[in-house]
K.L.:
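Pasting a structure below so you can have a look.
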Amino acid sequence: MTSTPRTTQPDVRTRNAVLAVFGANGFMFASWASRLPDVKAALSLTPGRLSLLLLALSLGSVIGLPLAGRLTHRLGAATGVRFGTCIGTPGAALAALTVQVHGPFVLAAAGLFLLGLGIGIADVAQNFEGSVVEQSIGKAIMPWFHAAYSLGTVGGALLGAVATDLRVPVGVHVTAAAIATLATIVVGTSNFTPKATAEASQQQHADRSDADIRPQSAWLERRTLLIGVMVFAAAFTEGSANDWMAVGFVDGHHVTKALGVVAFAVFLTCMTIGRILGTRLLDTCGRVAVLRTLFVLAIFGCVLVVFGSIWLAYAGVVIWGVGASLGFPVGMSAAADDPQRAAMRISTVATIGYLAFLAGPPLLGLLGDQFGILHALLAVGAVSLLALLVVPVAEPPTDTQ
């Protein structure tokens, strides 16, 4: 963690605005994800076909992420988040309304592509703003922002469980969530750090001019790429649960759709708790030791979900949620250790990480067609083993201390 203080400290309003924006984006995503069992039923999708629908969302995100670094660097975090949200929320509404009227599969996929594109752009921009605040304070608070995202997903998932139980149409539910998200983002980003202020703070840490920073340069840095591999594993560990936890419990443990959504909500709740409490551990024990422990927990939790009885499976959800809590936010912090190059490196790392969301849905869907979606979740354990090999790159370079 960079310890050099900045001249301009973010006020409480800025910090709370970042928390609200992360939370709103989490709420939007979970509002859609919580209705996946209904989407699967309404369109009569096999796991493989559902994975193709999810692939459209992931493809949009992966395309948006590389663009987001340049956009955020030039126009600022607030503009980046707003731009992404104005693309993503109409896309979510389009996809949900298409499902509601049993419309064409391709139209639903197009809506999810727009949602993913908006998510990718907004995600880089909000993480960049989070890094500005974190670097200014000099403590590991990035997980708090991701905890706010998780709290938003918990709220979205619980509301989704209620909407599912009450048989609220998917289009009505998700469109209302999209409108609420857009309103929150517009208000929240108005309190972000002004672009000029952020740039002045970054220049305090730089020995080179802005013109020397090339958007593609981060792709040539070994540490940045390895952080990306770690974030890929973390995103796969988290994203597999986001996409398939509810469906896995319904199809594999034969619970009701509402109880499947509850499993998803439990996962998100425990991941949120891990992010809130994990910041102190990061400051006292360091990134590497904490991340190693958590990836081991993710592996253990995954095994319990797949092979345990229904109650052990829910216990596994708890452990898996804690294990998945810090990999992604710590990866963002590691990418931003040099504030001057933060936007480009966050974009690069996030792009690599989001490849997990691109590869994960079709991989697990195809495995689900062959072995059942519950057993397909064992792929999470294999990817978490990869993360254990590259975790040491999360340690801040000595020249940023």
K.L.:
Decide yes or no on side chain to side chain contact (heavy atoms under 4.5 Å, CB included) for Trp32 and Val39, but give the supporting numbers first.
P.N.:
CA-CA 9 Å; Trp32 162 258; Val39 172; 3.8 Å; yes
K.L.:
So Leu326 and Leu282, side chain to side chain contact (heavy atoms under 4.5 Å, CB included) or not? Walk me through it.
P.N.:
CA-CA 9 Å; Leu326 295 181; Leu282 288 169; 4.3 Å; yes
K.L.:
Does Thr293 use its side chain to pair, donor to acceptor, with the backbone of Ala289 at less than 3.5 Å?
P.N.:
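At least one qualifying donor-acceptor pair exists.
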K.L.:
What closest approach, in Å, do Ala241 and Phe264 show between heavy atoms, and which atom pair accounts for it?
P.N.:
O-CD1, 4.0 Å
K.L.:
Kindly indicate whether the side chain of Ile352, heavy atoms from C-beta on, has any atom under 4.5 Å from the side chain of Val231.
P.N.:
no
K.L.:
What do you reckon, is CZ of Phe300 surrounded by more than 12 foreign heavy atoms closer than 6.0 Å?
P.N.:
no
K.L.:
Taking atom OG1 of Thr351 and atom CD1 of Ile63, what is their separation to the nearest 0.5 Å?
P.N.:
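Rounded to the nearest 0.5 Å, the OG1-CD1 separation comes to 11.0 Å.
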K.L.:
Show, in sequence, the C-alpha distance, side-chain angles and deciding distance for Met142 and Ser131, and conclude whether the side chain to side chain contact (heavy atoms under 4.5 Å, CB included) test is met.
P.N.:
CA-CA 7 Å; Met142 183 70 84; Ser131 75; 4.0 Å; yes
K.L.:
Is it the case that Arg82 and Thr189 place a side-chain donor and acceptor less than 3.5 Å from each other?
P.N.:
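Indeed, the side chains of Arg82 and Thr189 share at least one donor-acceptor pair under 3.5 Å.
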K.L.:
Mind checking whether Phe267 and Val318 have side chains closer than 4.5 Å, heavy atoms only?
P.N.:
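Sidechains of Val318 and Phe267: no contact.
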K.L.:
When you compare the side chains of Thr237 and Ser384, does any donor N or O come within less than 3.5 Å of an acceptor on the partner?
P.N.:
yes
K.L.:
With a 4.5 Å cut-off on side-chain heavy atoms, are Leu57 and Phe113 touching?
P.N.:
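Result no, sub-4.5 Å side-chain heavy-atom pair not found.
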K.L.:
Do Arg292 and Glu395 sit within salt-bridge range, that is, some charged N less than 4.0 Å from a carboxylate O?
P.N.:
no
K.L.:
Would Val266 and Thr269 satisfy side chain to side chain contact (heavy atoms under 4.5 Å, CB included), going step by step from the backbone distance to the final call?
P.N.:
CA-CA 5 Å; Val266 169; Thr269 301; 5.6 Å; no
K.L.:
Is it true that, when you exclude Phe83 itself, more than 12 heavy atoms of the residues, nucleotides or ligands shown sit nearer than 6.0 Å to its CZ?
P.N.:
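Open.
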K.L.:
Are any non-hydrogen side-chain atoms of Ser347 and Thr72 less than 4.5 angstrom apart?
P.N.:
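No, too far: nothing below the 4.5 Å cut-off.
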K.L.:
Assign the ring pair Tyr314 / Phe249 to parallel, tilted or perpendicular, where the plane angle (0 to 90°) is split at 30° and 60°.
P.N.:
tilted
K.L.:
Kindly indicate whether the side chain of Phe307, heavy atoms from C-beta on, has any atom under 4.5 Å from the side chain of Leu378.
P.N.:
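SC-SC contact between Phe307 and Leu378 confirmed.
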K.L.:
Compare every heavy atom of Ala68 with every heavy atom of Val124, then report the nearest pair and how far apart it is.
P.N.:
CB-CB, 3.5 Å
K.L.:
If I compare all heavy atoms of Ala334 with all of Ile227, which pair ends up nearest, and what's the gap?
P.N.:
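Reported closest heavy-atom pair: CB-CD1, 3.7 Å.
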K.L.:
Please confirm whether the backbone N or O of Val18 pairs with a side-chain atom of Gln126, one donor and one acceptor, at under 3.5 Å?
P.N.:
no
K.L.:
I need the His173 NE2 to Ser31 OG distance, nearest 0.5 Å.
P.N.:
4.5 Å
K.L.:
Inspect the contact between Arg287 and Asp337 and indicate whether a charged nitrogen and a carboxylate oxygen are less than 4.0 angstrom apart.
P.N.:
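Looking at Asp337 and Arg287, the cut-off is met.
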K.L.:
How long is the straight-line distance from CD1 of Ile119 back to CG of Asn25, given to the nearest 0.5 Å?
P.N.:
7.5 Å
K.L.:
For the pair Asp369 and Arg49, find out whether any cationic side-chain nitrogen is under 4.0 Å from an anionic carboxylate oxygen.
P.N.:
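Salt bridge flag = no for Arg49 with Asp369.
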K.L.:
Do the ring planes of Phe22 and Phe145 sit parallel (below 30°), tilted (30 to 60°) or perpendicular (above 60°)?
P.N.:
parallel
K.L.:
Is it true that Arg35 and Asp38 have a side-chain N and a carboxylate O under 4.0 angstrom from each other?
P.N.:
yes
K.L.:
Would you say Leu291 and Met230 make side-chain contact, with heavy atoms under 4.5 Å?
P.N.:
yes
K.L.:
Mind checking the NE2-CD spacing from His375 to Gln370? Nearest 0.5 Å is all I need.
P.N.:
14.0 Å
K.L.:
Rounded to the nearest 0.5 Å, what's the gap from CG on Leu50 to CG on Leu36? Could you check?
P.N.:
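Taking CG in Leu50 and CG in Leu36, the distance rounds to 6.0 Å.
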K.L.:
Output yes when a side-chain donor or acceptor of His146 lies under 3.5 Å from a complementary backbone atom of Arg275, and no otherwise.
P.N.:
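No: the side chain of His146 does not pair with the backbone of Arg275.
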K.L.:
Could you grab the distance from atom CG of Leu388 to atom CD1 of Ile299, nearest 0.5 Å is fine?
P.N.:
5.0 Å
K.L.:
For the side-chain contact (heavy atoms from CB on, under 4.5 Å) test, which of Leu54, Leu374, Asp251, Val380 pairs with Trp244?
P.N.:
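Looking at Leu54, Leu374, Asp251, Val380, the match for Trp244 under the side-chain contact (heavy atoms from CB on, under 4.5 Å) is Leu54.
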K.L.:
Test your reading of the model: is there a side-chain donor-acceptor pair from Glu129 to the backbone of Ala77, 3.5 Å cut-off?
P.N.:
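Between the backbone of Ala77 and the side chain of Glu129 there is no qualifying donor-acceptor contact (under 3.5 Å).
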K.L.:
Is the shortest side-chain heavy-atom distance between Asp123 and Phe328 below 4.5 Å?
P.N.:
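They are in side-chain contact.
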K.L.:
Would you indicate whether the side-chain heavy atoms of Met271 and Leu268 approach each other to under 4.5 Å?
P.N.:
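They are in contact (side-chain heavy atoms under 4.5 Å apart), so the answer is yes.
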